[in-house]
Every structure is written in structure tokens, then in C-alpha cells.
Amino acid sequence: MALDPALHSAVLAALERAANTALDLSPHSRRELAALDEVVIGIECTAPAFSVYVQPTRTGAIRLLGYHEGPLATRVRGSSSDFAELANAADPTATLINGGLELKGSSAPLIALQGVVAGLDVDWEAPLVDTLGDVAGHQLAEILRGLFRWGRYAGSSLTRQLDEFIHEEARLTPPRAEVEDFYSDIQKLTQQADRLQSRLQRARARADRLLAAQPTTAANGPASRNSEPG
Amino acid sequence: MADSAMSDRETTHFGYREVDKDAKAGMVGDVFDSVATRYDLMNDLMSAGIHRLWKRFTIELSGVRSGNSVLDIAGGTGDLAEKFSQLVGDGGRVVLADINASMLRVGRDRLLDTGVQANLEFVQADAQYLPFPDDSFDCITIAFGLRNVTDKDLALRAMLRVLKPGGRLLVLEFSKPTNPLLGKAYDAYSFSILPLMGRLIARDADSYKYLAESIRMHPDQETLRGMMEEAGFSRCEYHNMTGGVVAVHRGIKA
């Protein structure tokens, strides 16, 4: 059943508002987005199923559209986990090539948008100062910044240590290089199997042609023998 | 003799009443003079803010982009014109037109107060006799205005005339709910709660009684699509919203 356009618009309006509020607090991201003015990126999520068109504006805000008929710079399709992987990727180009996303059109606007999302650096000080005043707002912003910095450091440190423990200490999963070698070997084996299969097909086709020619020779054989004088 | 003279005159509906065709515009004008200052507040209250979502979807359907020229007929307090003004940018043009001077004044003051003016013009105009040259606009919108127009066919033909070839007309208007149960609840709301809200907030129950009646007298989705095709629009289609309480019709000038 198709979603009522009003309901769809409500969801998009809420997301758009949240995104633009965050962008308001990150002037650097707004400038980067403004460079993508008039570009429309179509995003189709397969699980959960929904589609949205993202259009940055000349003021560096984001428009989220449920309906768009004009030309698209990029259309990208995949599951929510594929999009999450792209959003957090250190190398979005590699993720687009190796990940599960299907891409049509130019990848440049999508990579630029990913750069804005990944580099979103929200400055909470402005709204806090507006609400609490210069001194208290600044102090609270410093505390929050420290907490975020510590959280980010602790998160990356934990990820690195967990990664090392899983791969090296507990050997729960093989290291990345080993997996890549294994995939490379599989790929080689697949290619060799494909080649072998095509050779077999060619050989079978040749054998069929020879067999098809055989009855003519067989039919001629006895006749030629009969024609010989006894 | 007098009866015969009355029957010879052309009539139209004003809510559930049959009135002289020449008198309708003045009567509608009185309604909007009465509600102009509290129009936005009443819209938010009556629709619980959903009218913003209906308008948002209409803007998406319009496909308006940088450099376009847009005419917003019956633009009232200018919420659509404000968005269009941002979309078309400095190279574009938005004309906010309304037949009612009170509504236009409220819209103009509100937009000037919010700093929207560079690409915006304000015109007091009747939708039936649009004072613009042929092929002037890339997009025309009329939101919750067509049902108040005396001769809708004449207005649709006027809009076709001033649209550029390939231009779009979008008519956002109350329509007929697709679910009978929703229809009954909607009727109860329109005829009991709406006039009460009108009396309490806008101090004008009659105007909101007219609103409910005029919605019931407005053509349903299929009829309006037929009228647009009859006027000469191509690829006419409509999208129901909120169960058909509102529909947005779109037609293209071939």
C-alpha cells in the first residue's frame, strides 16, 4: 500500500528540519553543501523500503523530496546497512566499488555529500550561549566538547583494541590480509573454472560437429565396398 | 415578473445557497476580509498543522527550480510564495496574486517582515481575468482558492493562457474523502467543530460555516480533472492526501 503523501512529507519534513538544524551549527559543512546547489541525488533504500531525493540549496541547506521528476546527478540503491557503511567510510570511493550499493550517474556528488556528512562538526556553543549566556554557555560547551573528544578517542581506541583482540589474540576471525588473499584465490579459481567450462563447451561442440559428420562417412563406406569387384 | 427576472439571471452557489453570479465575488470577499488577520492561525488550528505538509507536497510536485517564474493565485498570506521565492532565486520571479486586498496586505506585510522581497511581486487580481501576457509563467499554483472562484472554467482557461508551453498548473484544494467512514467523521468535524472554532478564535462562525459548505460544493477529484482537461490542460492527474480530504491536481500546458 502506497504511503499517503502527507505522511511521507511529514517524515521528510522532520528529517529535513533535523538535518538543517545540525547544518546551522556547522558553517563549514554549509559552505561545502552550497557548492552542490541544484544537484539532486536519488536514494533508494531497499530494506527498509523507502526512497528520497536529496537536494542541497545555494544557502547550504538540504531539501529532502519524496517526489522529483527532473534529471538526477546520481541515483544510488542499497540497504540501510550499505548506506550506513558509506556514511562512515574513510574511503567512500572504495566503499562504492566494493560495497553493496548500486550506483547510476556520477559518483562525485555522492562522495562530496558523504564528505559533508562524515565531516559534520556541530558547534553546540552558539545555541548554548544564546540560551545560557556567554560565561555559562561557554563553560558548558567546553565540557561537552571535552566529553565528545574523550568519547571519540575512547571509541576509536576500543575499536582498535577489540579488532586486535579478535584477530590476533583470540583468532576468532582471520586478519584482513588473509581474508583478502583467500578472496583473491577464490576469484582466481572461479576464473579458471570459467575458462575450463568454456573449453569443455568448445570441445563438446566440436565433438558434436564430428559426430554429426560421422553417419555420412558410415553410409558411404559399405556402398563403396559393394562397388568393389569381388 | 420579478420572479422571471430572477430566473433569467445567472446564479452560482455560495456555500449551500444559490446566489446571483455577480454577487458571489463580493460575498467571498467579505468572508476573507473577516478572517484575514487570523487566517494562518485558523489554518494551523483547523488542520492541526497538516496544511503545511499538503503545501510541501504541492511544492515538490511543482518541480520549480532556480530561474523559474511562478504565479501563486489566491496566495493569501504568502506561505507558498515564500518557499517559491527561495527556490527560484535572484534570477527567478514570483507573483503573489489575490483578489482580496485584505489577504494580500497581510501576505505582503508578513513577507516583507521576514525579508522576502527581492524576486517577489504582489498583484491584486481576479483568477478569471489574469492581468498577465500569454505564456508568462513556468508554474501556477492555486491553493485552497479555486472553490471560491465564481466561474472555475473561466479561471482554468485564464491560467492556461498565461502559462508557458510545458508549464504546470497545480490546484491544491479540499476534495472528497475516499473512505466513507472518514467522510462521516470529516462531516461531523466540518459542521460542528469548525464553526465553533471560528466563533471562538476568529469571532466569525458564519465564515467557517461557509468554508465547510463550499468544500462540499466543490467538484470531486475526477470532476476537477475533467474540468482541467476540458480547459485544455494535458497529462492531468491528481494525488489524494490525508485520505482524499485534500487533493492536488496537476495539469501541463502542451
Side-chain angles (χ1 to χ4, degrees), chain A residues 1-21 23-24 27 30-31 33-45 50-75 105-106 109 112-113, chain B residues 47-68 79-80 82-92 115-116 118-119 138-139 143 166-168 170 172 174-175 177-179 182 221 235 237-250 252:
Chain A
M1 199 175 83
L3 194 63
D4 190 292
L7 208 55
H8 197 228
S9 292
V11 174
L12 292 182
L15 290 173
E16 187 181 282
R17 198 180 179 87
N20 286 326
T21 304
L23 285 168
D24 281 342
R30 283 198 87 122
R31 276 194 296 277
L33 268 179
L36 294 171
D37 177 26
E38 294 282 310
V39 162
V40 183
I41 298 171
I43 291 175
E44 189 185 342
C45 186
F50 73 90
S51 61
V52 62
Y53 300 92
V54 181
Q55 184 183 32
T57 68
R58 73 182 74 81
T59 57
I62 280 272
R63 279 184 84 201
L64 297 180
L65 312 171
Y67 190 94
H68 176 75
E69 280 185 343
L72 291 177
T74 315
R75 180 185 284 278
S106 166
L113 184 67
Chain B
S47 70
I50 300 174
H51 74 102
R52 293 174 194 277
L53 300 175
W54 298 330
K55 287 170 183 166
R56 184 188 159 96
F57 183 64
T58 305
I59 290 168
E60 283 183 16
L61 274 183
S62 74
V64 165
R65 57 178 188 273
S66 188
N68 279 178
D79 38 7
L80 278 180
E82 184 180 356
K83 292 275 183 252
F84 284 133
S85 168
Q86 291 161 5
L87 288 177
V88 301
D90 293 338
V116 183
N119 51 14
D138 297 290
C139 178
R168 290 93 51 205
L170 287 129
L172 177 64
F174 290 104
S175 208
T178 48
N179 183 318
L182 175 66
Q221 288 91 329
R235 290 166 55 195
E237 57 172 12
Y238 64 84
H239 298 260
N240 281 325
M241 289 189 275
T242 319
V245 168
V246 160
V248 56
H249 284 69
R250 186 172 66 165
I252 311 284

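Not measured: the values here are computed from a predicted model. Just so we're on the same page: letters track the sequence lines, and every chain starts at 1.
Ranked by heavy-atom pairs under 4.5 Å with chain A, the list B/E60, B/H239, B/R65 is led by B/E60. Contact count against chain A (heavy-atom pairs under 4.5 Å) is highest for B/L87 among B/V246, B/N240, B/I50, B/L87. Contact count versus chain B (heavy atoms, under 4.5 Å) is highest, among A/T59, A/L12, A/T57, for A/L12.
Residue pairs that meet the salt bridge (Lys or Arg N to Asp or Glu O under 4.0 Å) test with at least one member in residues 5-14 of chain A, sequence neighbours left out, do not exist here.
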Report task. Take B/H249 and B/L170 through the side chain to side chain contact (heavy atoms under 4.5 Å, CB included) test and state the conclusion after the steps. Result -> CA-CA 6 Å; B/H249 284 69; B/L170 287 129; over 6 Å; no

Query raised in the report: Between B/S47 and B/W54, does a side chain to side chain contact (heavy atoms under 4.5 Å, CB included) hold up when you go through it step by step?
Result: CA-CA 10 Å; B/S47 70; B/W54 298 330; 4.2 Å; yes

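Every residue two or more places apart in sequence or in another chain that forms a ring pair (Phe, Tyr, Trp, His ring centres under 6.0 Å) with A/H68 is listed here: A/Y53.
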